[in-house]
Amino acid sequence: MRCPAAAEGIYGGRLCRVAVVGAGVIGLSTAVCIAESIPSCAVTVLAEHFTPDTTSDVAAGILLPHPFPETPLHKQRCWFKDTFDHLLSICNSTDAAEAGVFLLSGWQVFQETPSTKDPYWSTVVLGFHMMTDAELQRFPKYKFGQSFTTIKCECSKYLLWLEKRLKNAGGQLHTEKITGFEQLTSSYDIIVNCSGLGSRDLADDQSLYPVRGQILRVHAPWLKHFIRDGNGHTYIFPGIHSVTLGGTRQKHNWEMSVDEADSSGIFERCCELEPSLKKSQVCSKLVGLRPTRNSLRLEREFFVHGNRQVPIIHNYGHGGGGISIHWGTALEATQLVKESINWRNPTSKL
Amino acid sequence: MRVAVIGAGVIGLSSALCIHDRYHSKVTPLSIDVYTDRFTPLTTSDGAAGLWQPYLHDNGNMQETKWNKETFDYLLSLINSPDSIQMGIFTQSGYSLFTEPMPEPSWKDIVLGFRHLTPQEMKICGWFNTTLMIEGKSYLPWLMDRSVCTVSSPSFLPSCTKHGVDVILNCTGVRAGELQPDPLLTPGQGQILRVDAPWLKHFITTHNPKSGKYCSAYIIPGSRSVTVGGIFQAGNWSEANNSEDHRQIWEEGCRLAPSLKNARIMDDWTGLRPVRSSVRLDSETLQLGNKQCEVIHNYGHGGCGLTMHWGCALEAANLFGKILKKKRPSHFW
């Protein structure tokens with residue numbers, strides 16, 4: 001493989017070795033983005049957990065942005081749009097079934113009319129409009145609603161498909177728990193940190209905290225629409241083989257085991273929204289911890305270890321919106337990696 | 001009063017139920033017997049995908065528009081009821097696509113959330129709306145359970161007329177011509193593929209004004225499988241699956257939804273839509289042997305049987321009521 005001149009200069013003719021820490025949707029999509037767009041990089045994903053054991057695997061995967069109070073709105077919209085457009089082209093391709101990506105229409109309903117009737121993402125999703133009175137009649141406790149078509153990205157399939165894409169682009173995957181960046185500085189030139197909640201320890205970031213989400217997966221193949229209560233606490237997201245019912249949003253709760261009181265609460269609230277669910281069978285109950293932060297951390301810092309200074313691109317803190325913005329943040333992280341390849345290590349002899 | 005219903009598709013069973021519900025307390029005894037050689041899951045109604053969608057144009061037939069609306073409203077009223085899933089009723093949204101702009105359909109205010117497609121959604125013209133599914137394979141068994149009818153084969157019918165059937169409900173669909181010739185009735189043969197593609201959550205119907213309804217590809221996800229079709233052959237009585245039709249359906253379906261390409265095809269099925277220029281829903285008095293018999297005809301629903309069945313059942317019950325008044329004018333109805 002021919003290396004660009006800059007890479008030859010810095011890395012002595014070899015490829016730039018990139019370590020991506022984390023194999024959830026953020027880690028894998030970032031790794032794929034780097035491997036496919038920067039030929040001079042050799043990408044290795046290192047993680048303790050791979051699909052089906054990541055937080056992303058628990059998520060329903062509906063493209064609906066999660067608010068970051070301290071991230072500028074135009075950035076959030078850009079990440080969401082990049083992700084939506086990327087997935088939309090997969091939806092319309094022969095890869096859709098293998099990638100687990102498909103269109104899903106439905107309703108977001110509010111008991112009280114929200115202050116923002118027309119959120120920034122309304123022009124990104126398809127066919128967004130206010131629900132008509134006739135449409136709202138099926139939800140007697142709700143006063144206002146939005147109807148639109150979005151995308152569902154099922155990580156149990158998507159992550160496997162991304163792993164395949166990564167290998168096709170020459171990338172590698174290793175099961176290894178990284179407890180400190182110093183483990184990587186001698187073997188890698190650039191580190192990309194996509195460790196989600198793990199960054200609390202790995203990047204010593206105490207501003208990161210879990211928001212515990214429990215879900216039920218039920219068998220209800222007649223359900224073809226999503227229904228979400230605008231307050232975010234109750235939602236029904238039909239998937240390929242099961243319907244995800246949720247949920248909970250328990251801040252600072254690290255508990256990974258299933259709570260039966262949460263399960264009954266979720267089931268009851270979802271049956272109120274969609275009575276036919278009373279006939280559904282529960283297949284599984286799962287818990288995931290959303291890696292939450294007031295703003296997404298997407299930036300470069302330099303990690304010093306001995307006589308090496310290694311650029312680290314942080315890409316974590318996506319909270320409940322990881323899948324919704326994953327490709328957009330992967331693109332931005334990849335750009336930071338490109339810029340870092342041209343950065344010269346001040347301690348090098350060159 | 002003895003009623004004989006001939007045909008156990010959606011039309012026969014729903015008409016029987018409607019008449020029973022409205023009149024069993026007023027006419028005692030009211031016995032309703034269904035005669036058929038095919039019942040669920042082998043009727044035309046069972047093979048149909050079950051999408052509520054009338055033809056694009058009324059053709060000036062306001063009665064059929066009314067029956068369509070009555071059916072939709074009736075099914076929608078049941079959507080949150082405990083029986084809805086057993087009945088095979090659920091909502092589904094999707095796309096109607098055209099090669100050129102079409103005038104809006106009469107049913108645009110009947111369905112939910114009707115709108116034109118945005119430029120982002122499709123590169124051609126079309127509509128999006130939420131409608132209802134009514135799956136014959138669930139609905140017909142539910143109707144059979146609910147009815148107090150007995151179902152037997154048509155060979156019993158001659159003996160029944162001998163013993164005094166008062167009213168016959170002719171719901172024989174495409175084979176109505178065997179009971180009474182009807183040059184306006186013809187089969188609209190159609191083959192479909194049933195595919196395992198559970199990631200598809202929208203119906204897609206395409207319409208080519210030149211080739212007519214059902215001649216253009218459609219994809220309709222159901223609760224158990226996805227129906228892919230697009231064949232309509234007027235006058236073809238064959239119920240055999242055909243490999244050329246299979247190939248055409250599959251190619252056009254994959255063009256419409258590329259994700260289908262790697263889906264598993266479960267099976268093929270061919271049915272005969274009972275096509276007629278308009279639905280025959282009327283009554284007449286016939287001489288059968290030495291007896292006079294009232295006959296209510298309810299057939300010729302084409303590809304819209306499930307879509308308009310309940311409105312037609314209500315009208316059949318109205319016609320039944322008129323017959324009762326004629327026979328027992330002294331009764332207070």
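So that the names make sense, note that chain A is the first sequence line, chain B the second, and so on, each numbered from 1.
- A/K224 contributes a side-chain N or O that, together with a main-chain N or O of B/G222, makes up a donor-acceptor pair within less than 3.5 Å.
- Side-chain atoms of B/P198 and A/H241, non-hydrogen and from C-beta on, do get closer than 4.5 Å to each other.
- Remark: the backbone N or O of A/T94 is paired with a side-chain donor or acceptor of B/N262 at under 3.5 angstrom.
- If you measure heavy-atom distances from B/L260 to chain A, you find no contacts under 4.5 Å at all.
- By the 4.5 Å heavy-atom criterion applied to side chains, A/K278 and B/P82 are not counted as neighbours.
- Side-chain contact check for A/L103 versus B/W199: every heavy-atom pair is 4.5 Å or farther apart.
- Counting non-hydrogen atoms of neighbouring residues, nucleotides and ligands closer than 6.0 angstrom, the NZ atom of A/K81 reaches no more than 12 such neighbours.
- In this structure, B/H116 places its NE2 atom where more than 12 heavy-atom neighbours from other residues, nucleotides or ligands lie under 6.0 Å away.
- Ranked by heavy-atom pairs shorter than 4.5 Å toward chain A, the options B/T118, B/T91, B/L112 are led by B/T91.
- A donor-acceptor pair is defined here as one N or O able to donate and one able to accept, closer than 3.5 Å; no such pair exists between the side chain of A/E135 and the backbone of B/T130.
- Note on B/S84, B/G113, B/C254: by heavy-atom pairs under 4.5 Å with chain A, the leading option is B/G113.
- The candidate with the highest count of non-hydrogen atom pairs below 4.5 Å against chain B, out of A/P238, A/G106, A/A220, A/A97, is A/A97.
- Atom NZ of B/K137 is surrounded by more than 12 heavy atoms from other residues, nucleotides or ligands within 6.0 Å.
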